[in-house]
Amino acid sequence: MTSGDAPSPGHALDRLSSWAWPAALAAFVAAAAVALRGIAFEDAAPGRLLLDVFLCALLAHVATRGRGPQARATLTIFLAALAVRLLAVLVLDEWTARVGGPFVVSPDAAGYDFWARRLLDSWTLGEWPDIRRPDMTGRWEVGFEHVLAAAYGIFGESSLLGRTLGGVFGALAAVFVWLVSLELVPVRVAAWAGAAYALWPPSAAWSAWSVLRDSLVWALLYAGIWCALRVARDHGGYAFALAFAGAFLALRLVRAYAAIFLVAGLVLAFALGLVSRWKGIGRSALLLGSVLFGVEAVLTVAGFHSIARVAIAVVRRDAILQPWSEFESNPKYAVRRPHAHYLKASLVGNAARFALGPPAWAPTGSDDERSMDWLLPTMWLWYAILPLSAVGFVLGLARSSAFRPIAVVALGLAFLLTIAGEGAFYRQREMLVPVVLLAAAIGLESAVRHPRALALAAVAWVFLLGAGIACDLRLRAFPAAPVEVAPRR
């Protein structure tokens, strides 16, 4: 192979798998540090969890040792992602301890921890509370509370355990992003995307931010995508169809609106496949459609809202379309719509703010500090990859029939987040990071062959970003008068 030749798939896998031992050492050191921190506070639960995680990783390595470098590369991705996220657990646990406790950064985390402990207490008494009862949390998604309660029951009740569990789920999400990438792009591009997401600091930080469900949602979402792609690749693999049913069911119980995008992606992918006459697309569509219908039928019989009703509720910004209990009809617990002057902001402005960050593009209804996410250091990583991602999106849409459905669904997700978000875009933006990194890997591979396209994208990007920051600084110096909003009748 000459220096000008493209690297072979085996060469890319070998280079990635050669980092297995350094990644394992880093993960072991980080895990030992987390376990020792727990022991220092008389909390052995994180150590028990991490011991089981390493035992499972060892068993997976032994079981797949003869399957070539791809299994070793997958293990490398998991261990590297786990090491980074456990390091984030250490840093953030110490920081939150100094500023007021593990839940000071997130009221949601306090709610998850409270209901998980209450569920565990009920289970110890031989009771099994109805997860659909609105008097439990007033929400339709209480799956994470059950996962957390099970972890508390197995390993011990600990907020550090909940944070560590988020890091483990984040590492699993990195594995599924890597596996999805292998199905969509060449191995060398997938290696860049998988490694980038495994080491991506914002995703690692958010996985360990507190006792939150986000990393579990990411893992389930990309596990479902991977299983669907394997069904399509195998022209109807029943084992992967069953795994897809499990991932979709868990996603519906943990984060229902995330399941909407999984279903939308499948519909779009199969529509494109029928138009393009992909081989075996009809059988795969029938199999996965039957799985979705079966899961939805079970949930409907059990009393849950259908996926269609959830989708309409998300678009209308209502938690429930119509009250189904006195609890949800109480105005105190009703979901409030965004302020009127926020809805009057232009869609172009909202989209620019979603990508760029400066709130001047689309003012919110309050002075929430979360709207200042463009000042966060992690945002500059986002800014750095977007020119590459823009080039990669264009090339992927033009050249890759496999990448096209993922890209179009990602753009649709960005559109919905743009019209629904109210200032916490930094959290919602993380849902798109794997696709953006995958597009960036495609753009990186093509940058050498298309330097002019990358240069034009970078110039346009710098201009837009500079304009947004300048506009925001101007409004800070000369703030506009407050807008009166008529009370809602």
Worked verdict on Glu145 versus Arg213 for salt bridge (charged side-chain N to carboxylate O under 4.0 Å, His left out): CA-CA 9 Å; Glu145 286 86 338; Arg213 62 182 171 177; 5.8 Å; no

I'd like to know if the side chain of [X] and the backbone of [Y] have a donor-acceptor N/O pair within less than 3.5 Å.
{"X": "Ser210", "Y": "Leu212", "result": "no"}
{"X": "Arg85", "Y": "Ala81", "result": "yes"}
{"X": "Ser158", "Y": "Asp43", "result": "no"}
{"X": "Glu296", "Y": "Ile307", "result": "yes"}

Shortest non-hydrogen separation from Arg163 to Val211 and the atoms involved: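 Scanning both residues completely, I find the closest heavy atoms to be N-CG2, 4.1 Å.
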
Residue pairs passing the salt bridge (Lys or Arg N to Asp or Glu O under 4.0 Å) test where at least one lies in residues 28-38, sequence neighbours excluded: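 Listed by first then second residue: Arg37-Asp93, Arg37-Glu94.
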
Aromatic ring pairing Tyr112/Phe144, orientation class (parallel under 30°, perpendicular over 60°, tilted between): perpendicular

Phe248: partners by ring-ring contact (aromatic ring centres under 6.0 Å, His included), with sequence neighbours left out: none

Over 12 non-hydrogen atoms of neighbours within 6.0 angstrom of CZ in Phe28: no

Whether over 12 other heavy atoms sit under 6.0 Å from Trp95 CH2: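 Yes, the 6.0 Å shell around CH2 holds more than 12 heavy atoms from other groups.
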
Stacked cation flag Arg230 on Phe240, 6.0 angstrom / 45 deg: yes

Residue from Ile442, Val189, Leu229, Ile225 passing side chain to side chain contact (heavy atoms under 4.5 Å, CB included) with Leu184: Leu229

